[in-house]
Amino acid sequence: MYEPGMDLGGLQANLGGLPLGSVDSSGVAWVLQDMQGWDSSEIRAEVQQREADHGAWFTPGYLGERPITLAGVIVAPDRTALDDAMDRARIAAGLGDTLLFVQESVPKQAIVRRSGRPVLQYVTDTKASYSLLMTAADPRRYETTQQSGSTGLPIVTGGLAPPVAPPATIAATTVAGQVVAINIGSIATRPVLRIDGPVTNPTVFAQYSDGSVRRLAYSETVASGEYLTIDVDAKQVLLNGTASRRRYLSAQWPDIPPQQSVTFQFAASGYNSSALLTVTWRSAWL
């Protein structure tokens, strides 16, 4: 009745290796009937009553975690295949980080973990219902395609070298040294910056459309063959992926606002053609 790879129509998502909304390679149909929580996350906000006055004051509001319930039915060719599918559902709804991919007009993803008891119940010998409660600690829904851009340090070309008799002017031109990052989503997203050496006192400037600038300045040297990773979301600075160098970074943590672009500019105390800045990011949605 069901062929591997068949699209069952309606909602479609992948929880780890479970192809919810389609038929897997064993001929098991994973019908996805409900996906609560994907539309909106929790919110953390308070209202403080005004003293001796009407009304109240709003405190800053923040998005909380995003609980997501995936529910539907499993239809298998036989009892053995059904038991195997139910076991695979329990494994996919694991205690560790699991990728949840949701097929929309712009495909999106989130990292989730089990946050409740998986409910799997037999309906017949070849059919069972399932309900899997997962939670994304990060409430943002991210674009599945990771964007990236790289640049070396800026090079100044042209101009005049003395001695020159006036009047004589030739403009100097700065080439490269920047990456433009665009967020097409509905909430600010946070990039990861990687600086490959050799470079001394590297600095990254994040310039916004209103002209404002945020600065990340590293006060040490990244040697040849070494790399520095700056994770803006985690506020983490690692040398070669392991050694913390947070104390050497003076940071105004930049994000990329929704429906806007940010220009990341690379600078250092001296020029080296091998120095490289790589910016990676994903557009994010509420």
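Predicted model only: the values in this text are computed from it and were never measured.
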Is any side-chain heavy atom of [X] closer than 4.5 Å to a side-chain heavy atom of [Y]?
X: Y218; Y: N201; answer: no
X: R282; Y: Q109; answer: yes
X: R215; Y: S250; answer: yes

Test: salt bridge (Lys or Arg N to Asp or Glu O under 4.0 Å). Region: [range]. Which pairs qualify, not counting sequence neighbours?
range: residues 130-152; value: E104-R141, D138-R140
range: residues 109-120; value: D97-R113
range: residues 244-272; value: R214-D255
range: residues 195-207; value: R194-D196

Is it true that a side-chain atom of [X] and a backbone atom of [Y] form a donor plus acceptor pair closer than 3.5 Å?
X: T151; Y: Q178; result: yes
X: K127; Y: D125; result: no
X: S129; Y: V73; result: no
X: N240; Y: L228; result: no

Nearest-0.5 Å distance that lies between atom [atom1] in [X] and atom [atom2] in [Y]:
X: S22; Y: Q12; atom1: OG; atom2: CD; result: 5.5 Å
X: T126; Y: D78; atom1: OG1; atom2: CG; result: 8.5 Å
X: Q36; Y: L133; atom1: CD; atom2: CG; result: 10.0 Å
X: S283; Y: I182; atom1: OG; atom2: CD1; result: 8.5 Å
X: Y142; Y: T189; atom1: OH; atom2: OG1; result: 5.0 Å
X: F264; Y: L216; atom1: CZ; atom2: CG; result: 8.5 Å

In terms of hydrophobic clusters joined by side-chain contacts under 4.5 Å, are [X] and [Y] together?
X: L193; Y: Y208; value: yes
X: F205; Y: V262; value: no
X: W253; Y: W281; value: yes
X: V179; Y: Y271; value: yes
X: L249; Y: V222; value: yes

In chain order, what residues pass the side-chain hydrogen bond (donor to acceptor under 3.5 Å, both in side chains) check against [X], with sequence neighbours excluded?
X: S186; answer: none
X: S131; answer: none
X: D87; answer: R90

Going by side-chain contact (heavy atoms from CB on, under 4.5 Å), F266 matches just one of T203, T278, L276, I195. Which one?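 That would be I195.
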Under a 3.5 Å cutoff, is there a donor and acceptor pairing between the side chains of S115 and T135?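 Yes, side-chain donor-acceptor contact under 3.5 Å.
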Can you confirm whether the side chains of D210 and S212 place a donor and an acceptor under 3.5 Å from each other?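 Yes.
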Can you give me the closest heavy-atom contact between [X] and [Y], atom names plus distance?
X: P258; Y: G185; value: CB-O, 3.4 Å
X: A268; Y: V199; value: CB-CG2, 3.4 Å
X: A284; Y: A188; value: CB-O, 4.4 Å
X: P4; Y: G27; value: CG-N, 4.3 Å
X: V279; Y: P191; value: CG1-CB, 4.0 Å
X: S148; Y: T280; value: CB-CG2, 3.6 Å

Co-members of L20 in a cluster of I, L, V, M, F, W and Y side chains, linked at under 4.5 Å: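 Members alongside L20: L11, L15, L18, V28, W30, L32, M35, W38, I68, L70, I74, L82, M86, L100, V102, V112, L120, Y122, Y130, L132, M134.
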For residues 51-65, which side-chain N or O atoms pair as donor and acceptor with protein atoms under 3.5 Å away, sequence neighbours left out?
from : atom 1 : to  : atom 2 : distance (Å)
T59  : OG1    : E46 : N      : 3.0
T59  : OG1    : E46 : O      : 2.8

Contacts of type salt bridge (charged side-chain N to carboxylate O under 4.0 Å, His left out), residue D34, not counting sequence neighbours: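 Applying salt bridge (charged side-chain N to carboxylate O under 4.0 Å, His left out) to D34 gives none.
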Donor-acceptor contacts, no H, no angles, side chain residues 232-239, under 3.5 Å, sequence neighbours left out:
from : atom 1 : to   : atom 2 : distance (Å)
D233 : OD1    : R190 : NH1    : 2.8
K235 : NZ     : V232 : O      : 3.2

Do any pairs count as a side-chain hydrogen bond (donor to acceptor under 3.5 Å, both in side chains) and have a residue in residues 259-270, sequence neighbours left out, and if so which ones?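 Matches after skipping sequence neighbours: Q207-Q265, S209-Q260.
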